[in-house]
Each structure stands twice: as structure tokens, then as C-alpha cells.
Trainee: 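Provided herewith is a single structure, encoded as C-alpha cells, for subsequent inquiry.
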Amino acid sequence: MNDGKDARVPSLPSGLPAVSTKRGELLRWARLARKELRETLRDRRTIVTLVVMPLVLYPLVTIAFQTYLLSNAPRPDRIVYHLGFVSPEDRAIFLNLLNVAAQFEPYVPEEEPRVEQANALLPNSTEPVKEAIGRLYLTEDVEDAVQGINVDVGVRRGESSPQLDESSKTIEIDWEFIVREGNPRGRKGVDFLKRRLSLANQAMLQARLQSHGDLQRVMPVQSKTITVKSEEEEAAIPLAAVLPLILLMMTITGAVYPAIDLTAGERERGTLEVLMAAPVPRVRLLLAKYSAVLTVALLTASVNLLMLLITLRLSGLGKTLLGSQGLTGSTMVALALSLFLFAAFFSAVLLAVTSFAQSFKEAQAHLIPLTLAALVPGVASMLPGIQLKLGLAVVPLLNISLLVRDLLNGAVKPSIMAVVILSTLLYAISAIALAARVFGSDQMLYDTETRWRDFWRRRRTPIDAPTLSGAMGCISLIFPLFILANGGIAQSSLQAPWRLFCAAVALLIVFGLFPLLAAWMGNVTLRKAFAWRGASLLGFLAAILFGLSLWPLCHELVVATNLLGFETVDRSILERGAVTVMRLRKMPPWLVIGALVLVPAIAEEFFFRGYFYRTLEPRLSAARTILVTAVLFGLFHVVSAQGILVERLFPSLLMGLALGWVRYRTGSIFPPMLLHACHNGLVVFLSFRSDFLSKIQLLTVDSAHLPLSWCAAAVLVCVGAVIVMERSRPTPMPTECT
Amino acid sequence: MINVESLSKTFSLASGKELNAVDGVSFEVHAGEVYGLLGPNGAGKTTTLRMLLGLLPSSGGWASVAGFRSDIEPEEVKRRVGLVTSGTGVYRWLSLREMLAFFADLYGVAPDVTKGRIDELAGLLGISHLLDRSCSTLSTGQKQRASLARALIHDPSVVLLDEPTAGLDVMGSQLVAAFIRHLRELGKGAILCTHRLEEAERLCDRFGLMCGGRIISEGTLEELQARTGCETLTDMFLQLSGEAPFLEPKDLAEVKEVAS
């Protein structure tokens with residue numbers, strides 16, 4: 001039977017010119033994406049969610065807010081009281097007394113009308129009095145007057161009110177307040193008047209004491225309560241709590257329909273099979289679809305943001321909701337960037353979920369729980385006490401919700417923001433990879449009883465290298481777990497040796513167990529997935545030389561990073577580091593060597609130069625494979641229990657490059673492990689012996705730099721390592737990829 | 001050009017049982033030859049085509065097109081194959097020209113060639129006047145012509161036709177027949193899956209009669225006639241499969257009794 005490999009032809013069999021250059025491929029992908037977008041934007045339903053809904057929604061939201069603000073507007077806590085007097089004289093005296101509370105200026109009315117507005121009679125009085133006293137009635141029978149609705153409090157002088165002598169400043173008056181039983185306004189009015197008279201008494205006594213040269217105040221011991229309003233409470237409704245949630249939900253709304261139409265819709269309209277019959281990798285088709293969904297989501301986010309801006313400006317709600325600045329440019333940019341990040345993530349998740357559906361109806365059913373799940377973190381971010389820390393920065397959706405909130409409050413750490421962005425993008429890539437695994441797969445094409453679990457089963461046929469989707473899924477699990485484990489162990493109340501032990505176990509699980517499980521699930525030949533193969537002695541020798549010589553260069557890179565202004569390690573961390581070294585010295589050597597030298601070397605190499613390197617190896621050139629693994633290696637080392645340590649990026653990158661190159665040259669995982677162990681071992685040794693090194697003046701404490709001779713020696717040994725490695729037998733790399 | 005060797009497909013059913021949809025099928029198709037893969041519904045024809053194209057993994061055996069195995073290099077196989085199915089799905093928000101250009105892009109046809117290719121195929125299939133119309137306005141017959149144009153847009157060396165006349169009227173079926181003859185003239189290898197045996201008789205050079213996932217007989221019409229002693233493919237098929245051809249008048253009477 002002809003299995004005819006010799007019959008292969010590089011171009012299309014008919015001789016039709018084919019797109020072959022990289023630029024041509026890129027343009028082709030752009031055309032595929034444009035088709036998806038064109039198809040989506042021509043659909044009226046997209047336009048409705050894109051334009052019409054924001055046009056309707058935001059005015060409605062404004063009305064709702066205004067109604068809410070009005071109903072919750074601060075009510076005057078001073079009720080206007082209407083008073084009744086039996087004589088103009090009483091009225092004048094009483095009002096004078098109220099004025100006394102502020103100043104000693106008697107008021108003499110020119111006329112004596114029957115009903116008078118208090119404000120006219122209290123020209124010099126303080127605001128509380130002016131606001132609290134309404135109309136003043138003259139009536140012969142105040143007891144009768146308070147029975148009606150006009151007079152709240154009747155005021156008259158008591159029977160024993162003998163004196164009001166201005167000249168001698170002797171005042172003795174008994175006032176009677178008459179209120180109707182069961183009238184709360186009357187009772188409150190009496191309380192108010194009593195308070196004012198008490199103030200008047202104090203003012204008069206104060207004046208009397210001062211006139212006698214006595215500086216003692218009337219009330220020797222006083223107290224007052226001060227209520228401090230928080231800044232957040234200044235706005236009746238914090239914008240960070242409500243508006244981002246609306247914006248997030250609207251962005252989802254915009255992306256939902258295109259996501260369904262471009263995935264489940266393909267099957268429903270009968271185009272899926274012919275699409276799958278085309279020689280385009282599913283991931284590329286998915287990327288074209290993703291770009292269309294993302295574009296619509298971004299357009300929706302932009303239109304919504306614009307409508308929000310216009311509505312807030314026109315309604316004047318901006319300042320009410322956001323404080324005196326209103327919606328500033330920086331707030332807009334922060335909101336836009338957060339929405340774009342959210343759109344990038346959620347579009348990918350939508351595609352992954354809708355790819356599982358066989359029809360529009362099924363896709364909608366799948367999306368209902370997803371949308372509800374998206375609401376939870378949005379609402380959770382409104383709750384007080386939830387702070388965006390390293391742990392929550394890797395929780396999908398919640399991290400973006402909290403980021404938006406904190407961006408609006410202007411209280412986000414750049415390092416935490418970087419973790420949020422990185423983890424979110426990682427999740428987005430994983431979701432696309434999952435969608436590519438599901439969309440158009442034979443189960444979805446032909447199996448009407450496809451279930452989610454069908455896609456979590458172990459692959460049947462063995463392959464030589466992990467799939468991209470498998471690797472992305474593995475990294476998406478490893479990244480948050482690594483951060484959570486780091487943070488959890490650092491904050492635990494465990495004793496230092498146990499903490500070290502747990503850290504080592506966590507490292508073994510995260511970088512050892514998970515890649516192993518991922519490789520097993522993907523049915524990747526383990527020996528190939530992790531490059532378990534021997535290497536030449538020269539290869540091992542070069543690895544040892546690298547391991548012993550790279551640390552001075554790494555140290556200088558840390559110093560250089562600090563000089564460039566990226567000093568994220570503050571003094572407290574350094575002090576803690578010194579304490580940690582002190583503690584390490586007291587621990588059993590096997591634990592220190594195991595946890596800091598052997599386990600990191602084995603586990604990290606198992607993943608970075610094993611599983612991840614092998615994933616990229618058949619797909620990228622050697623240089624790119626080394627670079628990408630080194631960048632990922634660097635990024636993982638930037639995250640520590642203390643937060644983001646930028647200083648560690650470049651040394652880790654250098655180490656990653658060296659380790660990757662050794663892996664490339666030897667084709668084995670073991671020399672990189674040896675290199676890693678030598679490096680870590682030497683660093684631990686130097687940390688333990690820093691006092692000894694200082695004594696022999698090899699390590700100067702005052703200078704951050706190492707002696708020049710050390711650096712020169714390190715470079716020489718590195719060059720030697722390169723020469724040794726070049727002399728070793730290069731290992732041909734397998735290029736096949738399934 | 002097309003080699004199929006001991007190809008098998010077993011589906012696991014929800015009940016836990018297994019179904020052998022295709023059971024050790026082998027055949028070859030040469031350039032310029034139209035091979036009729038014939039059989040009743042459920043015979044395994046479509047499953048065979050799907051495995052041949054790399055859309056469905058096989059449970060055993062292999063298939064290759066121009067030397068490329070569909071289980072190892074499915075993209076190379078897909079690059080060389082045009083697929084026509086009974087479904088006439090189209091992108092309703094695109095014009096016919098845009099849809100054909102999209103598929104040309106999918107198959108990697110250079111953009112400067114695409115326009116001429118679309119015009120050429122549209123002229124051949126009589127849909128030039130429809131090119132700028134929205135796909136949603138096309139009739140079933142027009143959609144099928146669009147599908148034929150789509151299958152040839154990258155000028156494949158092999159065309160797989162899976163029930164291409166299903167749901168078509170006489171005129172539509174005639175057009176498909178003309179299209180298949182055209183393929184033969186172009187020297188392309190073609191597999192026609194159909195259960196319309198009289199139609200296959202007119203169009204195919206060789207036949208593989210499938211039943212229960214197996215090819216029960218294979219050859220040219222003359223070879224099959226000599227082997228079975230039957231004149232038509234319908235008679236041959238009935239004889240080889242051993243199934244009752246149709247209900248006898250007495251059976252019909254029984255059916256009526258049951259119905260009443």
C-alpha cells in the first residue's frame with residue numbers, strides 16, 4: 001500500500017499560489033478576524049447592545065441615582081418651631097434672650113404685628129436659631145393656641161418673674177413653655193429652647209465673671225463629641241462601588257452575543273464542519289474569533305464609558321458621586337484600562353464556555369451561571385474590609401473588581417496591579433487554549449451527548465510534547481497556587497523550620513506534581529516531556545562551572561537594578577532576611593540544603609526546563625524557547641512572600657538564559673538541575689558565611705558592589721563554561737510535534 | 001491519490017455498549033476517478049469520509065491523501081481536499097463573494113488570486129449574478145451551488161461529496177451531476193457518498209458497497225454485474241446485503257390491519 005511520503009508537494013496541489021510568508025500569514029489572520037468582526041457588526045443585535053442599550057441605560061441610571069439621592073438627602077435635623085406669646089413684651093424679652101446666646105444686643109421691634117417671621121426679629125442671631133424659629137404668634141391664650149396646628153410651643157413668663165434690669169445686669173425670669181400633650185414637635189421645640197436658654201445663661205454668667213476679672217469659665221468641665229467623616233462617606237454613593245459593576249455587566253452584555261454567534265452559531269447554521277475541514281489550526285480560528293469578540297467588548301466598554309461621562313456631565317451627578325473633581329481624565333483612563341483588561345479576560349472565558357454549546361439555546365443556558373458568577377466578585381468588591389492583597393490579586397474576576405475600586409480610590413500598589421494584570425492575561429490565554437481544545441473538536445462536531453467531562457479525560461494517543469492548551473492550563477493553575485502558597489506559608493504561625501519544610505513541599509507540588517499530572521493527562525511520553533536522558537560529562541562540567549560563577553553577576557544585576565531606581569526591597573525586608581539567615585543557621589543542615597538547594601533545583605527545573613521547555617521546543621526556535629522559558633522563570637521569581645521584588649527579575653532572567661542554554665546544548669534536564677543546585681548552594685553558603693567573608697575582607701559591608709576581581713573571575717569562569725559546553729557533543733533536538 | 005487501509009471506528013454509546021460504525025474499510029481512489037461509496041443510512045459512509053479528512057480520529061487503520069496520513073498530518077490532507085456536504089450552511093451576514101473569499105483565505109489562497117478564482121467558479125456554476133448578494137437571501141439550490149464553489153475555491157486535488165443532492169430538486173441534482181463530471185475532466189479524485197444508487201450508477205467509475213460498517217463488494221459496474229448477476233446497483237445491493245427489498249402486497253395488508 002502506498003504510504004507515499006515521496007508524493008508530498010509543498011504548495012497547493014493545483015499550483016494555486018499559497019500564502020507562505022510570516023507577514024502573509026499575519027495578514028491572512030487579520031482578514032479572518034475582519035470577517036468575524038464584519039459578520040458580527042452587521043448583525044443588528046450587536047448594534048442594539050453596543051449603542052442602543054447604553055443610550056437607554058445611563059439616563060435611566062441617572063434618574064435612579066437622582067431619585068436615590070433625593071430620597072436619601074440629609075434631612076434637616078432642626079425642625080422649624082412656631083412659637084406663641086401672650087404679649088409683645090414677652091416676645092421681645094424672649095427673643096433677646098435667644099440672641100444673648102450669641103451676643104448681648106437687645107432687640108427692640110419697631111412694630112408689634114400679630115404674626116411675625118422670626119428671622120425678621122432675629123437679625124443678629126446665629127444660624128441655628130434663625131433656622132429653628134419660624135413664625136411668632138401673639139395670642140391671649142397660649143394654652144388654647146397650642147391646641148391648634150399653628151403654634152408648637154407657647155411661651156410666657158411665669159408668675160414669679162420679677163426682674164429684668166438691664167442696668168444692673170440682673171436678670172431673673174422664669175419662663176413657662178406650654179405644649180400640647182403628645183405633640184413631638186412641641187417637645188422637641190421645648191428641648192431646643194431650653195438648650196438655647198442654657199447657652200444664654202452661660203453667656204451672661206461668663207460676661208458677669210469677666211466683668212469681675214475672673215477668668216474662670218462658667219462650666220469648668222466640658223466635653224464634646226467629634227464625629228469624623230471618612231473621605232469615602234463624603235459621596236452619598238461611592239462610585240467605585242456601583243458604577244464599575246454596571247460597566248462590567250454592560251461589557252459582558254456586549255460580548256455575549258458575538259461569542260455565542262461565532263461558536264455555537266457555527267454549528268447551528270451548519271458551517272462548523274466545513275470550517276473544520278479547512279487546514280487552519282483551531283487555535284488560529286479561535287484567535288480570529290477572540291479578536292472579534294474582544295473588539296466588540298472593547299467597543300461596548302468604550303461606548304458605555306462615553307455615555308457614562310456624558311450622562312454624569314449633563315446631569316451634574318459627577319461631583320455628587322465622585323466628589324469635587326467629578327470624573328477626571330485619570331479616572332477615565334483607569335476605568336478604561338481596567339475595562340479593557342476585563343474585556344480581554346471575559347471575552348476569552350465566554351468563548352471557552354460557548355464553545356461547549358451545540359446551539360444558541362444551550363450557550364445561553366451555559367452563560368447564565370457564568371454571568372451570575374461574575375456578579376459575585378463585583379458585589380463582593382463593594383463590601384467593606386476586602387482588600388486587594390497578593391492573595392486576592394490572583395483570584396479571577398474579584399481581582400479586577402477590586403482593582404477598579406482601588407484605582408478609583410487612588411490606592412493601588414503597582415506591584416499588586418502587575419500581578420492582577422499578569423494573572424488575568426494568563427487566565428485569558430488559558431481560556432482561549434481551552435476554547436481551541438473544545439471548539440470544533442470531533443466530540444462537539446458529531447457527538448450529541450458531549451459533556452464537559454469529556455474534555456478532561458486523558459488523551460488516548462501518546463504524544464512527544466505537551467500541547468499548548470495543556471501547558472497554558474498547567475501554568476494558569478501553577479501561577480495562583482505558587483502565589484497563594486508563598487503568601488499562606490509566610491503568614492502562617494508555624495515555626496521557622498516547619499515553614500521552610502512546607503515551602504519545600506509546596507514547591508515540589510506546584511512545580512513537580514502539577515506538570516507531572518498535566519503531562520500524564522495529555523499522554524505525553526514522560527521521558528520526552530521532562531527530558532529525562534543522560535548528558536555528556538563535559539555538559540555536567542560546564543553546568544557546574546556556570547553554577548559556581550553566575551552568582552557574582554546576579555548580585556551585580558541586583559545592584560544595577562537598584563541603581564536604576566527599582567528598589568522594592570525595603571529595609572524591613574532586608575532586616576527580616578538577616579533574621580531569616582540567623583534562624584537558618586540554627587536549623588538542621590539537611591533541611592536547609594534540601595529546602596533551599598535541592599528541592600528548588602529539582603522542582604523548578606522539572607517545570608521550566610522540562611515541561612515548559614518541551615512545550616515550546618517543537619514550536620519555536622531554540623533561541624526563542626530559551627528566552628520565553630527564561631522570562632517565565634524570571635517572572636515567577638519576582639513574586640515572593642514579601643510582594644513583588646523587581647530586583648530579582650534580571651538575575652533570574654540571566655539564570656534562566658544560562659539554564660535554558662545548558663538544557664538546549666545537552667538536551668537533558670539533569671545538567672540544568674546541577675547548575676541550579678550549585679548556584680543555590682553557593683548563595684546559601686555565602687549567606688551563612690558572610691561574617692567570615694567580611695573578616696577576611698572579601699566582602700565589604702559598606703559597598704553594595706562585589707570586588708572587581710570577583711566579577712572578573714566570574715566572567716572568566718563563565719567563558720570557560722561556554723567553551724567546555726561548546727566542546728561537548730551537541731544534542732540533536734527532536735522537532736516533531738503532535 | 002486516496003488510500004484507505006483497514007479503517008475502523010468504534011463509538012462508545014451512553015448505554016455502555018460499543019458500536020462499530022466503520023469496520024476495517026479499505027479502498028483506493030485514483031486521480032480522475034469518481035468512487036461511489038454507497039450504502040443505506042447508517043452504513044458508515046459519512047464516518048469514513050470524516051476519518052479520511054481528519055475530522056474524526058479513527059479507532060484503527062489509516063487513510064491518506066496524496067501520501068499524507070490524516071491521523072498524522074491532517075492539515076496537509078485538508079489542504080488537498082474539498083468537502084461538499086448535504087448541509088448548505090452559509091454566513092448570512094456576508095455576501096456570497098465575501099464568504100468565498102473567506103474560505104479562500106482559510107485554504108491559504110493568495111489574495112490576488114482569489115478574486116479571479118471566485119469569478120471563474122461563479123461563472124462555471126452560474127452564480128455570477130449572486131456574488132454580491134447577502135447569503136441569507138439565497139435559495140436552497142443557490143446555496144448548494146455556493147457550497148460547490150466553496151469546495152473548489154482552493155482547487156483541491158480531491159473532492160469528497162457527502163450526499164450532495166440531498167434536499168435538491170431535479171435541476172439542483174443535475175447541476176451536481178455536471179459538477180462531478182467536471183471534476184473527472186479536471187483529473188481530480190472524488191468520492192461520492194450517496195444512498196441514491198441510480199444517481200451513483202450514472203456518475204461513478206467504481207463503487208464500494210457499504211453495509212453495517214463494512215464494504216461488502218467493490219469494483220466497476222461491470223465487475224459488480226458479473227459478480228452478482230444483477231443489472232442495477234439497487235438489485236446488487238439488496239442481494240449482497242441480504243435485506244428485504246420492500247414490503248410485499250401481503251405485508252401492506254398486515255400493516256393496514258395493525259393501523260386500523
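Remember, it's a predicted structure, so these values are computed and weren't measured experimentally. Naming: A, B, ... by sequence-line order, numbering from 1 per chain. Note: hydrogens, waters and symmetry copies are ignored here, and every other heavy atom, side chains too, is used.
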Trainee: Is it the backbone or the side chain of B:Ser70 that comes under 4.5 Å from a heavy atom of chain A, or both, or neither?
Mentor: neither
Trainee: Show your reasoning for whether salt bridge (charged side-chain N to carboxylate O under 4.0 Å, His left out) applies to A:Asp464 and A:Arg614.
Mentor: CA-CA 9 Å; A:Asp464 290 337; A:Arg614 182 62 193 144; 5.1 Å; no
Trainee: A:Leu27, A:Thr40, A:Thr271, A:Leu32: which one forms the most heavy-atom pairs within less than 4.5 Å of chain B?
Mentor: A:Thr271
Trainee: Would you name the heavy atoms of A:Met472 and A:Ile429 that are closest together and state the gap between them?
Mentor: CE-CG2, 3.2 Å
Trainee: Once the angle between the rings of B:Tyr91 and B:Phe102 is folded into 0 to 90°, is it parallel (under 30°), tilted (30 to 60°) or perpendicular (over 60°)?
Mentor: perpendicular
Trainee: Crowded around B:Arg214 CZ? As in, over 12 foreign heavy atoms under 6.0 Å?
Mentor: no
Trainee: Answer with side chain, backbone, both or neither: which region of B:Phe103 has an atom nearer than 4.5 Å to a non-hydrogen atom of chain A?
Mentor: side chain
Trainee: Given the options A:Ala277, A:Pro281, A:Gly270, A:Ala288, which has more heavy-atom pairs under 4.5 Å with chain B than any of the others?
Mentor: A:Ala277
Trainee: Does atom CZ (A:Arg42) have a neighbourhood of more than 12 heavy atoms from anything else shown, all under 6.0 Å?
Mentor: yes
Trainee: Does the B:Lys45 side chain pair with the main chain of B:Pro40, one donor and one acceptor, at a distance under 3.5 Å?
Mentor: yes
Trainee: Given the options A:Arg284, A:Arg34, A:Arg269, A:Glu268, which has more heavy-atom pairs under 4.5 Å with chain B than any of the others?
Mentor: A:Arg269
Trainee: Between chain A and each of B:Val90, B:Leu55, B:Leu56, count heavy-atom pairs under 4.5 Å; write down the option with the most.
Mentor: B:Leu55
Trainee: For B:Leu106, is it the side chain, the backbone, both or neither that has a heavy atom under 4.5 Å from a heavy atom of chain A?
Mentor: both
